[in-house]
Amino acid sequence: MQFLHIYKKNRILSAVMIILILISCFSYGKVHAVSVSDVDTSQNKKYPSASDIAGNASVTDAGFVPADAPAITSQAAIVMDLDTGDILYEKASHQAMYPASITKVLTCLLAIENGNVNDIITVSESDMDQVEEGSSAIGLQAGEQLTLKDALYGMMLNSGNECALAISDYISGSTSQFADLMNKTARDLGCTDSNFVNPNGLHNPDHYTTCYDMALIGRAAYQYPEFKKLISTQSYTIPETNMNEERPLWQENRLTFAGNGEYYYQYCTGGKTGYTVDALATLISFAERDGKRLVTVVMKCEPTTDSYLDTIKLDEFCFSHYRLCKPLIDYKFQNNFQSNYYENSDILTNFYNDLEHRDFRYYVNQDYSFYIRSFVNDSDINMDIEYYDKIKDDKRGRVLFSYNGSVLGETEILVERPAIEASSTDALKNRVLEEETEVTYMKWLKRIIVVLIILIIVFLVILLIIKIHKRFQYYQSKRSVRYYPISKDARLNKKKEEAARKSGEKDRKEEVSKPVDEDKKD
């Protein structure tokens with residue numbers, strides 16, 4: 001019974017040891033995971049440099065017609081910088097009007113984004129039924145097949161309404177579904193005063209937009225080289241189809257052809273015209289000069305030719321009377337530790353000063369820009385720096401620019417936090433934190449490797465414990481035999497006595513069986 005008690009006691013002790021080892025191993029794994037992933041790494045967060053920040057999209061306060069701006073015939077107009085989104089000129093730019101065929105800029109954008117120019121599209125009976133008699137067309141027929149590329153040229157050069165309808169069916173399956181896509185895309189681009197019901201701009205009371213919204217759509221489309229090629233091409237020939245011979249197309253936008261006299265504008269890179277009885281003349285155009293790129297939209301203009309003249313006047317005025325200003329191109333802050341970030345805590349301030357560190361670095365987007373009138377010197381622009389009470393969302397404040405009391409724009413002051421290394425504080429000496437930019441799969445790979453190593457160690461420890469336990473049992477059993485030898489000795493003595501008894505009986509039998517010596521008888 002005492003032997004069994006000792007054996008059971010050792011088994012319990014071994015199990016307790018195994019449990020303690022497992023707990024310690026998994027506790028290590030947990031602590032390690034926390035130190036790598038769960039600790040707030042904001043102190044070591046890497047922030048983009050000014051060169052990584054996209055150009056600003058602030059809007060210059062130009063909600064008025066400058067006194068020296070040219071007089072135009074169009075009832076609404078806008079000139080917007082393609083790169084910054086700055087408005088250089090606007091006239092009733094948020095008033096809803098009928099766009100006519102400049103709608104096709106949005107249709108073209110969606111075709112480029114969602115289609116393949118080499119795909120074959122088929123003109124349906126439904127497409128032809130929606131084309132008004134006498135409206136712009138290139139003579140397609142129901143059942144005719146052509147590539148998306150050919151249809152795009154037919155739509156953008158000669159304003160083919162049936163081409164736009166065929167493209168909408170190819171992209172979305174129907175005109176109504178394509179209109180839904182048009183409206184969703186417009187909203188995504190920031191358009192707030194538009195509603196489209198067809199892909200070509202044929203008159204519908206529910207089909208309207210604004211100069212501002214069309215400028216946003218134009219900015220989105222102009223980023224695609226395919227679009228720029230379409231609007232700048234002077235002529236294109238659609239090859240022979242299954243129902244028509246080849247047909248040549250010619251650019252209808254007079255701004256891009258030198259032979260158009262006063263309607264030609266050398267800096268124009270392309271555009272799209274439009275006209276209906278209700279919309280009157282509409283025009284969206286693009287121009288580049290001296291590193292500046294503009295999109296100009298004019299709407300509700302009569303006569304049609306004045307839409308070209310108005311565009312030329314506005315572009316020339318904006319190119320000549322505005323310049324792009326980058327006031328922060330060489331600006332740097334004097335970076336000093338701001339104790340109010342720690343809410344003026346003496347303890348935290350002393351802790352901070354006890355560390356080897358780099359100061360908080362304040363920086364701004366040095367490429368921040370805005371348009372100003374050409375006669376305004378940089379020295380005349382007021383720059384005011386406004387600091388926030390505390391750093392919030394890694395923003396320290398803002399820089400405001402103004403001229404003669406008019407706000408030109410503003411940009412935020414950003415913060416790059418210091419990487420802290422411990423000197424006298426041993427608790428931080430070997431602290432290693434992953435940067436936020438580390439690839440996620442690498443984190444998980446490290447965790448898996450650590451877990452596998454821990455499992456291997458646990459397995460080896462368990463094997464060692466089992467081996468030690470068996471060895472302990474062996475020695476324990478030997479000790480038990482050594483202290484209780486009585487039964488064993490008794491068995492040995494009994495065997496000896498049995499052997500002696502058997503030997504004595506054998507000797508007696510041999511003695512009885514021997515013959516009597518004759519001599520001894522006598």
Okay, side chain of [X], backbone of [Y]: is any donor-acceptor separation there less than 3.5 Å?
X	Y	result
D306	T73	no
R323	V376	yes
N161	V131	no
T147	D150	yes
N365	I413	no
E144	V123	no
K395	Y388	no
N195	Y208	no
S374	Y322	yes
Q223	R219	no

| said: Applying side chain to side chain contact (heavy atoms under 4.5 Å, CB included) to Y267 and D315, what does each step give before you reach the verdict? | reply: CA-CA 9 Å; Y267 301 111; D315 285 352; over 6 Å; no
Where [X] and [Y] come nearest, the two heavy atoms and their spacing:
X	Y	value
L283	S307	CD2-O, 3.6 Å
I138	G160	CG2-CA, 4.2 Å
E252	T273	OE1-OG1, 4.2 Å
L216	C191	CD1-N, 4.0 Å
G190	D213	O-OD1, 4.5 Å
P199	T107	O-OG1, 2.6 Å

For the [atom1] atom of [X] and the [atom2] atom of [Y], what is their distance to the nearest 0.5 Å?
X	Y	atom1	atom2	answer
R293	D83	CZ	CG	4.0 Å
T411	Y368	OG1	OH	6.0 Å
C211	I78	SG	CD1	7.0 Å
Y275	S136	OH	OG	11.5 Å
L148	N114	CG	CG	10.5 Å
T304	L280	OG1	CG	8.0 Å

[Y] side chain reached by [X] side chain, heavy atoms, under 4.5 Å:
X	Y	value
L255	Y264	no
K272	N253	no
I381	I372	yes
T296	T311	yes
P99	M299	yes
S135	L202	yes
C301	D310	yes
M128	Q141	no

Not counting sequence neighbours, list each pair that qualifies as a salt bridge (charged side-chain N to carboxylate O under 4.0 Å, His left out) and has a residue in residues 123-134.
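Matches after skipping sequence neighbours: none remain.
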Query raised in the report: Under the ring pair (Phe, Tyr, Trp, His ring centres under 6.0 Å) rule, what pairs show up with a residue in residues 118-149, not counting sequence neighbours?
Result: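 Qualifying pairs: none.
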Enumerate the ring pair (Phe, Tyr, Trp, His ring centres under 6.0 Å) contacts for residues 136-179, please, sequence neighbours excluded, ordered by first and then second residue.
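Those involving residues 136-179 are Y153-Y236.
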With sequence neighbours excluded, what pairs up with L452 under the side chain to side chain contact (heavy atoms under 4.5 Å, CB included) test?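 L452 satisfies side chain to side chain contact (heavy atoms under 4.5 Å, CB included) with I448 once adjacent residues are dropped.
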> Can you name the ring-ring contact (aromatic ring centres under 6.0 Å, His included) partners of F227, sequence neighbours left out?
Replying inline: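 Only F286 meet the ring-ring contact (aromatic ring centres under 6.0 Å, His included) criterion with F227.
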| field | ring-ring contact (aromatic ring centres under 6.0 Å, His included) partners for F319, two or more places apart | value |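 Not a single residue meets the ring-ring contact (aromatic ring centres under 6.0 Å, His included) criterion with F319.
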* To do: Might you work through the side chain to side chain donor-acceptor pair (under 3.5 Å) test for T237 and E246, ending with a clear yes or no?
  => CA-CA 7 Å; T237 299; E246 66 175 20; 6.0 Å; no
### Task
Check the surroundings of atom NZ in K292: do more than 12 heavy atoms from other residues, nucleotides or ligands lie under 6.0 Å from it?
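Enclosed: over 12 neighbouring heavy atoms sit under 6.0 Å from NZ of K292.
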Verify the distance criterion only: is there a donor paired with an acceptor across the side chains of [X] and [Y] at less than 3.5 Å?
X	Y	value
D81	T84	yes
Q251	S235	no
T210	D193	no
S101	S159	yes
Y265	E316	yes

I72 and K91: CA distance, side-chain angles, deciding distance, side chain to side chain contact (heavy atoms under 4.5 Å, CB included) verdict
CA-CA 10 Å; I72 61 174; K91 175 184 176 182; 4.0 Å; yes
Should the ring pair Y98 and H203 be called parallel, tilted or perpendicular, given that the plane angle runs from 0 to 90° and is split at 30 and 60?
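Judged by the thresholds at 30° and 60°, the geometry between Y98 and H203 is perpendicular.
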Exercise for review: Take S232 and K228 through the test side chain to side chain contact (heavy atoms under 4.5 Å, CB included) and record every step on the way to the result.
Suggested key: CA-CA 6 Å; S232 62; K228 294 170 70 174; 5.6 Å; no
- prompt: Would you call E262 and R254 a salt bridge, taking side-chain N to carboxylate O under 4.0 Å as the test?
  reply: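 Answer for the salt bridge query: no.
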- Query: Are the charged groups of R398 and E410 less than 4.0 angstrom apart, N to O?
  - Reply: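 A salt bridge links R398 with E410.
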Step by step, work out the salt bridge (Lys or Arg N to Asp or Glu O under 4.0 Å) result for K326 and D378.
CA-CA 9 Å; K326 292 187 175 183; D378 288 350; over 6 Å; no
Practice item. Determine, step by step, whether D180 and K184 satisfy the salt bridge (Lys or Arg N to Asp or Glu O under 4.0 Å) criterion, reporting the C-alpha distance in whole Å, the side-chain angles of both residues, the deciding distance to 0.1 Å, and the verdict. Key: CA-CA 6 Å; D180 292 338; K184 180 183 181 302; over 6 Å; no
| Can you list the steps and then say if I121 with D169 is a side chain to side chain contact (heavy atoms under 4.5 Å, CB included)? | CA-CA 9 Å; I121 64 177; D169 286 351; over 6 Å; no
